[in-house]
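Contents: one structure, followed by commentary.
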Amino acid sequence: MTSQIKSQISKKRKFVADGVFYAELNQFLNAELENDAYAGVEVRVTPTRTEIIIRATHTRAVLGEKAQRIRELTAVVQKRFRFPEVCFCDVASFHPHLS
């Protein structure tokens, strides 16, 4: 019975940690991309890497010239959240009037 309680506590801590991570990532990207009409973020965790999908209306501005800006964002997120490998896999175009 005590192992069940421990697993429930660890599940609760994981949900809280995931929520804090998402909130911090969302806040960071909102601050960095506020001029590029940032619309949100989606995080997908796979066994080999963490995929982050940014939704914005000005996708070219998010990518930057020769994808320099997205590489900088990747490096900052890897360092800040201590990820061995993170991938900004997609910058999705978001049109609020279409959704």
Side-chain angles (χ1 to χ4, degrees):
M1 176 143 183
T2 58
S3 64
Q4 289 177 344
I5 294 172
K6 287 182 183 179
S7 69
Q8 288 176 350
I9 292 172
S10 65
K11 285 181 185 178
K12 288 179 185 178
R13 286 187 182 185
K14 175 148 178 35
F15 279 116
V16 170
D18 288 347
V20 169
F21 163 71
Y22 180 80
E24 287 182 6
L25 179 65
N26 193 33
Q27 182 180 14
F28 167 73
L29 291 174
N30 195 17
E32 284 291 318
L33 304 172
E34 66 183 344
N35 294 333
D36 303 320
Y38 171 74
V41 65
E42 180 182 342
V43 179
R44 295 181 187 164
V45 180
T46 65
T48 56
R49 65 183 179 187
T50 301
E51 299 174 351
I52 298 174
I53 299 168
I54 298 172
R55 290 189 303 261
T57 56
H58 304 297
T59 55
R60 287 188 182 198
V62 172
L63 289 173
E65 188 175 326
K66 297 183 182 177
Q68 179 65 30
R69 189 166 187 202
I70 201 74
R71 284 195 300 265
E72 290 172 358
L73 287 172
T74 301
V76 169
V77 168
Q78 277 181 329
K79 187 174 181 180
R80 166 63 182 88
F81 296 106
R82 298 185 190 114
F83 280 120
E85 184 178 351
V86 65
C87 173
F88 281 97
C89 293
D90 195 13
V91 178
S93 181
F94 178 75
H95 300 286
H97 61 280
L98 296 178
S99 46

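- Residues Val77 and Phe28 approach most closely at CG2-CE2, 3.9 Å, considering heavy atoms.
- Enclosure of atom CD in Gln27 is not indicated, since only 12 or fewer non-hydrogen atoms of other residues, nucleotides or ligands lie within 6.0 angstrom.
- Arg71 contributes a side-chain N or O that, together with a main-chain N or O of Lys66, makes up a donor-acceptor pair within less than 3.5 Å.
- Two residues are said to be in side-chain contact when any heavy atoms from C-beta on lie closer than 4.5 Å; Leu73 and Leu33 meet this criterion.
- Thr74 approaches Ile70 most closely through the heavy-atom pair OG1-O, 2.8 Å.
- Residues that satisfy the salt bridge (Lys or Arg N to Asp or Glu O under 4.0 Å) test with Glu72, not counting sequence neighbours, are absent from this structure.
- Using a distance-only test at 3.5 Å, with no hydrogens or angles considered, a donor-acceptor pair links the side chain of Tyr22 to the main chain of Val41.
- Of all heavy-atom pairs spanning Asn35 and His58, the tightest one is O-CD2, 4.3 Å.
- For the pair Phe81 and Thr50, the minimum side-chain heavy-atom distance is 4.5 Å or more.
- Among residue pairs with one or both ends in residues 15-31, those qualifying as salt bridge (Lys or Arg N to Asp or Glu O under 4.0 Å) are Lys14-Asp18, Glu24-Arg80; sequence neighbours excluded.
- Cluster partners of Val16 are Val20, counting Ile, Leu, Val, Met, Phe, Trp and Tyr whose side-chain heavy atoms approach within less than 4.5 Å, directly or via other members.
- Linking ILVMFWY residues whenever their side-chain heavy atoms come closer than 4.5 Å, directly or via other members, places Ile54 and Val45 in the same cluster.
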